[in-house]
Amino acid sequence: MTTLSTKPKPSTLHTLKVDPLAPYNRVHSLLYSLGILALLYHHCTTFLASPSFLSLLLLLLADLVLAFMWGLVQPFRWRSVRRREFPARLIDTVGRKNLPALDVFICTADPHKEPPMSVVSTALSVMAFDYPTDRLSVYVSDDGGSEVTLFAFMEAAMFARYWLPFCRENGLRERSPEVYFISSVGGNSDNMKVLLESSKDKDIMGNALPNLIYVSREKNINSPHHFKAGALNALVRVSSIMTNAPVVLTLDCDMYSNDPQSPLRALCYLLDPAMASNLAYVQFPQHFQGLNKNDIYGGEGKRPFRINSRGMDGFGGPDYMGSNCFFNRRALRGMHSSPLAPLGSQDLRSESVMKRAHEVASCNYEVGAKWGSTIGFRYGSLVEDYHTGYRLHCEGWKSIFCDPERPAFAGDAPKNLNDALGQIKRWCIGNLQVAISKHNPLTFGIRKASLPVGLCYAYYAYWGSWCIPLTIYAFLPPLALINQKRLFPQAPSMTKSSIVDHKLWSVFEKLEQRLQDKVLLHSDSGVSS
Ligand SMILES: O=c1ccn([C@@H]2O[C@H](COP(=O)(O)OP(=O)(O)O[C@H]3O[C@H](CO)[C@@H](O)[C@H](O)[C@H]3O)[C@@H](O)[C@H]2O)c(=O)[nH]1
Ligand SMILES: [Mn+2]
């Protein structure tokens, strides 16, 4: 096994630039906070004297929540950074043959919602990474235990082996495997198959193929399976028995690799000796395709996925976003050294390796162990990604946001209202689960990570509270109008009214975003070393 100990010269592999707009953002923050304080003061003084007590109380509540969320947003803008990395220099300094092994984890759960063919193309896209194939392994976790998916992968293994000839001769099989296997779904028992083994399976040109391993872990109603975090932890264990690569990429089945060089970009950080000791992961943003014209469900997520991540990168690193993320395996092992070790240089298909792999994937393996609390992906929240990244930051790990010009990964965002609402609901609840746990970012995070990192995570933890001011401002003014009640102060102090204030705020935000985009575009095209 190659480790992350190769020593290229630091700083030649990547650069960092602080957003030139940061000082203006800081001045804006300070001035604006004075404005907010004045507004709240005004609320308090008018509120007791007013006849419409209830409506003013609601307005006060709305503005308090807005002010609170505004406060939590500030660290994202305080020191936004932009990084660049130079994969060619990595190859020059380290050499292709010294690159560390890479294990890729792909999660799928539902063969109806996540068509097996698209899961397969996700796997094929990473198998085609510009990376030594003898050090590349792809693990697929199928929580649906679906034979359709397994069949698709057996086909994919063939497809990878014969690649273009297969493609040409059979004319890219369009016939769906679902037609044959529609009725049988694998149920609870586990299933594990080594579909391709690098040391044995060659493509038709005689080159080694990456390892391809299908894992459908055992599930049982009596033991919690912990959803995706549980699936990923099973893969962490199975892979440490089989290949134990020091670098692990997690990928959702609805994403695919759009740039074969991205592992090299991630390694520009993971192999930098100045960073390696406490760097937990390198996160690439999620890019989405096929959003509808005006992106009416806000699926692009530019602010959470890119702008906020750059902001957090100025203070210790972005949150983990569940996909497109290269982990240092050490960060997933927890503080205590784990008893998992690869079984020497045995064949992946050998009986002893398979036996041990089945053991560690079984649903009782975690009983009484620290998986999900201090080891691996963390349990206890519907958003295991946010929770895992947050806890790692609290334990002193750092992360890096890597956002190259050519999107490294692309995929699908929810395309209809139902899915979009379902996703947002899941995120809000999952974040709130962290807020009401003993690991609340405002109490625990600020102490364990740092003030700005704690505030950023708190922003996401309380993200759902936007609904309070939004609901109040949506209903109160029209109701007041219908009932002919006056809600806001009269003309002279009108400029101070909260609604105007709010409008101004969104204008400022738009302006700021435009400026940031301009500067980013500019630096994308300008900087070179
Ligand atoms: O029991 C489960 C449930 C889900 N998944 C997989 O988890 C991934 C994400 O699930 P999805 O339902 O697509 O959620 P999204 O809202 O699209 O995902 C976003 O939010 C999730 C929760 O925060 C993150 O894990 C994802 O990476 C992030 O893209 C998919 O690959 C699923 O196949 C499992 O493996 N096992
Ligand atoms: Mn998804």
Side-chain angles (χ1 to χ4, degrees), residues 104-116 118-123 126 139-146 148-149 152 188 214-221 223-236 238 249-256 281 283-291 297-301 304-305 309 318-327 361 363 372 376-391 409-416 418-434 457 460-461 463-464:
V104 182
F105 298 173
I106 298 171
C107 282
T108 183
D110 183 345
H112 303 293
K113 273 207 269 168
E114 304 163 340
S118 85
V119 187
V120 161
S121 58
T122 301
V126 291
Y139 293 82
V140 180
S141 157
D142 179 14
D143 265 354
S146 142
V148 183
T149 309
N188 289 336
Y214 172 91
V215 178
S216 173
R217 65 191 164 126
E218 184 190 12
K219 279 190 185 171
N220 179 329
I221 359 169
S223 42
H225 57 74
H226 300 296
F227 304 94
K228 185 184 176 191
L232 286 170
N233 282 339
L235 287 189
V236 170
V238 170
L249 164 66
T250 59
L251 202 56
D252 282 348
C253 61
D254 53 10
M255 285 271 150
Y256 63 90
Y281 57 88
Q283 174 72 57
F284 288 73
Q286 309 207 18
H287 287 265
F288 300 103
Q289 310 174 311
L291 296 169
Y297 307 126
E300 185 190 7
F305 290 132
S309 300
D319 51 329
Y320 165 47
M321 295 164 212
S323 185
N324 318 347
C325 187
F326 289 83
F327 276 90
C363 54
F377 294 87
R378 306 304 154 95
Y379 302 152
S381 163
L382 278 180
V383 283
E384 80 302 323
D385 46 356
Y386 162 82
H387 187 206
T388 303
Y390 165 56
R391 296 286 295 280
F409 300 93
D412 298 326
K415 288 200 178 72
N416 58 56
N418 214 17
D419 289 355
L421 285 178
Q423 185 184 58
I424 289 175
K425 194 170 99 189
R426 202 154 28 80
W427 287 352
C428 285
I429 294 173
N431 290 349
L432 213 56
Q433 281 173 313
V434 177
Y457 277 107
Y460 287 122
W463 193 52

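When a ligand or atom number is given, it counts from 1 through the structure's own listing order.
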- Item | Output field: ring centroids Tyr320/Phe327 closer than 6.0 Å | yes
- Message: Under 2.8 Å from the Mn ion (ligand 2), can any N, O or S atom of Asp252 be found?
- Response: no
- Determine whether the side chain, the backbone, both or neither of Val383 has a heavy atom under 4.0 Å from any heavy atom of ligand 1. both
- Task: Find all atoms of ligand 1 within a distance of less than 4.0 Å from any non-hydrogen atom belonging to Gln423, and give their numbers and elements.
- Result: 15 (P), 16 (O), 17 (O)
- Test item, Cys253 contacting ligand 1 (heavy atom, 4.0 angstrom): yes
- Query: Any N or O of Lys219 that comes nearer than 3.5 Å to an N or O of ligand 1?
  - Reply: no
- Item | Nearest protein heavy atom with distance in Å, relative to atom 4 (C) of ligand 1 | Ala109 CB, 3.9 Å
- Closest approach of any protein heavy atom to atom 25 (O) of ligand 1, naming residue and atom: Glu384 OE2, 2.6 Å
- Task: Before accepting this row, confirm whether a basic side-chain N of the pair Lys228/Asp252 lies closer than 4.0 Å to the acidic partner's carboxylate O.
- Result: yes
- Is any side-chain heavy atom of Tyr297 less than 4.5 Å from a side-chain heavy atom of Pro414? no
- For ligand 1, which atoms, with element, lie under 4.0 Å from some heavy atom of Thr108? 33 (O), 35 (O)
- Query: In terms of residue, atom name and distance, what is the protein heavy atom nearest to atom 1 (O) of ligand 1?
  - Reply: Phe227 CA, 3.3 Å
- Message: Check for me whether Gln286 has a heavy atom closer than 4.0 Å to any atom of ligand 1.
- Response: yes
- Message: If you define the side chain from C-beta out and look only at heavy atoms, does anything of Phe305 sit under 4.5 Å from Gln283?
- Response: no
- Residue portion contacting ligand 1 (non-hydrogen atoms closer than 4.0 Å) for Asp252: both
- Message: Can you tell me which portion of Asp254 lies within the under-4.0 Å heavy-atom range of ligand 1? Options are side chain, backbone, both, or neither.
- Response: side chain
- Ignoring angles and geometry beyond distance, decide whether Cys107 reaches within less than 3.5 Å of ligand 1 through its nitrogen or oxygen atoms. yes
- Flag atom 14 (O) of ligand 1 as yes if some protein heavy-atom distance to it falls below 4.0 Å, otherwise no. yes
- Atoms in ligand 1 flagged as close to Gly322, the criterion being non-hydrogen separation under 4.0 Å: 27 (O)
- Message: Within the structure provided, determine whether Asp254 and Glu114 are in side-chain contact (heavy-atom separation under 4.5 Å).
- Response: no
- Query: Is a side-chain donor-acceptor pair under 3.5 Å present for Tyr379 with Asn233?
  - Reply: yes
- Mind checking whether Ser141 has an N or O less than 3.5 Å away from an N or O of ligand 1? no
- Query: Heavy-atom distance under 4.5 Å between the side chains of Met321 and Ser309, does that happen here?
  - Reply: yes
- Message: Heavy atoms only: which of Asp110, Asp143, Asn431 lies closest to atom 2 (C) of ligand 1?
- Response: Asp143
- Polar side chain donor-acceptor pair, Asp142 to Tyr214, under 3.5 angstrom: yes
- Measure the distances from the heavy atoms of Trp427 to every atom of ligand 1 and state whether one is below 4.0 angstrom. yes
- Find, among atoms of Asp254 that are N, O or S, the one nearest to the Mn ion (ligand 2), and state its name. OD2
- Would you mind telling me if ligand 1 is within reach of the side chain of Met255, the backbone, both or neither, using heavy atoms under 4.0 Å? neither
- Any side-chain heavy atom of Phe409 within less than 4.5 Å of one from His287? no
- Message: Among Tyr457, Phe377, Trp427, which residue satisfies the ring pair (Phe, Tyr, Trp, His ring centres under 6.0 Å) criterion with Tyr386?
- Response: Tyr457
- Top protein contact for atom 21 (C) of ligand 1, by heavy-atom distance: Asp385 OD2, 4.0 Å
- In terms of ring plane angle, is the pair Tyr139 and Phe105 parallel, tilted or perpendicular, where the classes change at 30° and 60°? perpendicular
- Looking only at heavy atoms, which two atoms of Asn324 and Gln286 are closest? And how far apart? ND2-CA, 3.6 Å
- Hey, would you say the Tyr390 and Tyr460 ring centroids sit under 6.0 Å apart? no
- Item | atom 11 (P) of ligand 1 - nearest protein heavy atom and its distance | Arg426 NH2, 4.2 Å
- Query: For atom 32 (C) of ligand 1, which candidate among Glu114, Met321, Lys228, His226 provides the closest heavy atom?
  - Reply: Glu114
- Looking at Ala361 and Val238, what are the two nearest heavy atoms and their distance? CB-CG2, 3.9 Å
